Amino acid sequence: MDKTQLILLGLPIFLFCSDLLNLFTPPPPKSQQQSPQSISNPQRFPETLDFPSQKSSGVGYGNTVEINFCVSCSYKGTAVTMKKMLETAYPGLDVVLANYPAPTPKRILAKVVPVAQMGVIGLIMGGEQIFPMIGIAQPPAWYHSLRANRFGSMASTWLLGNFLQSFLQSSGAFEVSCNGELVFSKLKEGRFPGEIELRDLISGTLTKPFIAGSY
């Protein structure tokens, strides 16, 4: 195996290992460090004292909105925009962003794709030695076609595999819940909610307990 073949074989292995590390590595914890000003002057900002009577005045306090969206679909920008809008409209509202995973069968297939990629690339690189080991004395015709253009075949295998893996990991979801109650579902509606629409839906859910308890 010459130097060029080693590079072409090592690059997909390196990218595959990087994908596995990114898939199973947990996100870093949020920093809890205080700023130097707050450490040197702990009593400098009396306005940071907690006043429970002020919290009770906001309609958003004590309520939680969950936005579960498809991370692999690049919906994070829309989710962050909706989060900022809701926090501005309802001070004190706790808006939580989370990934909405794809169904379990699709996630399992997505983990099989990189293995299939490496198998195809390894077969293209060393098929002349692999086929005799599995009892096939003469490699089939399709192998010679792939071998004739092995660089293009390996590149196509890698690109198609990444596309298929991204498709299997995507759920296409943008689900919004308020206090555990689903108020909007992209999976059902087939579209994203408008900002005004979502604000009205959350408003109706936040005021529902007061309406139910009124006489």
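Values in this document were obtained by computation on a predicted structure and should not be read as measured data. Hydrogens, waters and symmetry mates are skipped; everything else that's a heavy atom, side chains included, is used.
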### Query
Can you list every pair that meets side-chain hydrogen bond (donor to acceptor under 3.5 Å, both in side chains) and has a residue in residues 64-73, with sequence neighbours left out?
none

### Task
With sequence neighbours excluded, give me every salt bridge (Lys or Arg N to Asp or Glu O under 4.0 Å) pair touching residues 174-186.
E181-K208

### Task
Go through R107 and Q169 one step at a time and tell me if the side chain to side chain contact (heavy atoms under 4.5 Å, CB included) criterion holds.
CA-CA 6 Å; R107 296 202 305 270; Q169 290 177 343; over 6 Å; no

### Query
Y143: what forms a ring-ring contact (aromatic ring centres under 6.0 Å, His included) with it, not counting sequence neighbours?
F131

#### Entry: CE-CZ distance between M125 and R150, expressed to the nearest 0.5 angstrom
7.0 Å

### Task
Taking side chain to side chain contact (heavy atoms under 4.5 Å, CB included) as the test, write out the residues that go with K83, two or more places apart.
E87, V95, L97

### Task
Could you list who else is in L187's hydrophobic cluster, with ILVMFWY side chains joined at under 4.5 Å, directly or through other members?
Y100

### Query
Does V113 sit in a hydrophobic cluster with other residues, and if so which ones, taking ILVMFWY side chains as linked at heavy-atom separations under 4.5 Å, directly or through other members?
L109, L164, F167, L168

### Task
Apply side chain to side chain contact (heavy atoms under 4.5 Å, CB included) to S166 and list each qualifying residue two or more places apart in sequence or on a separate chain.
none

### Query
Excluding sequence neighbours, so at least two apart, what forms side-chain hydrogen bond (donor to acceptor under 3.5 Å, both in side chains) with S145?
none

### Task
Just jot down the salt bridge (Lys or Arg N to Asp or Glu O under 4.0 Å) partners of E197, sequence neighbours excluded, or say none.
R191

### Message
Which residues pass the side chain to side chain contact (heavy atoms under 4.5 Å, CB included) test with P105, not counting sequence neighbours?
### Response
P103

### Summary
Residue set satisfying side chain to side chain contact (heavy atoms under 4.5 Å, CB included) with Q129, at least two apart, ordered chain then number -> none

#### Entry: Residues which pass ring-ring contact (aromatic ring centres under 6.0 Å, His included) with F192, listed by chain and number, not counting sequence neighbours
Y75, F174

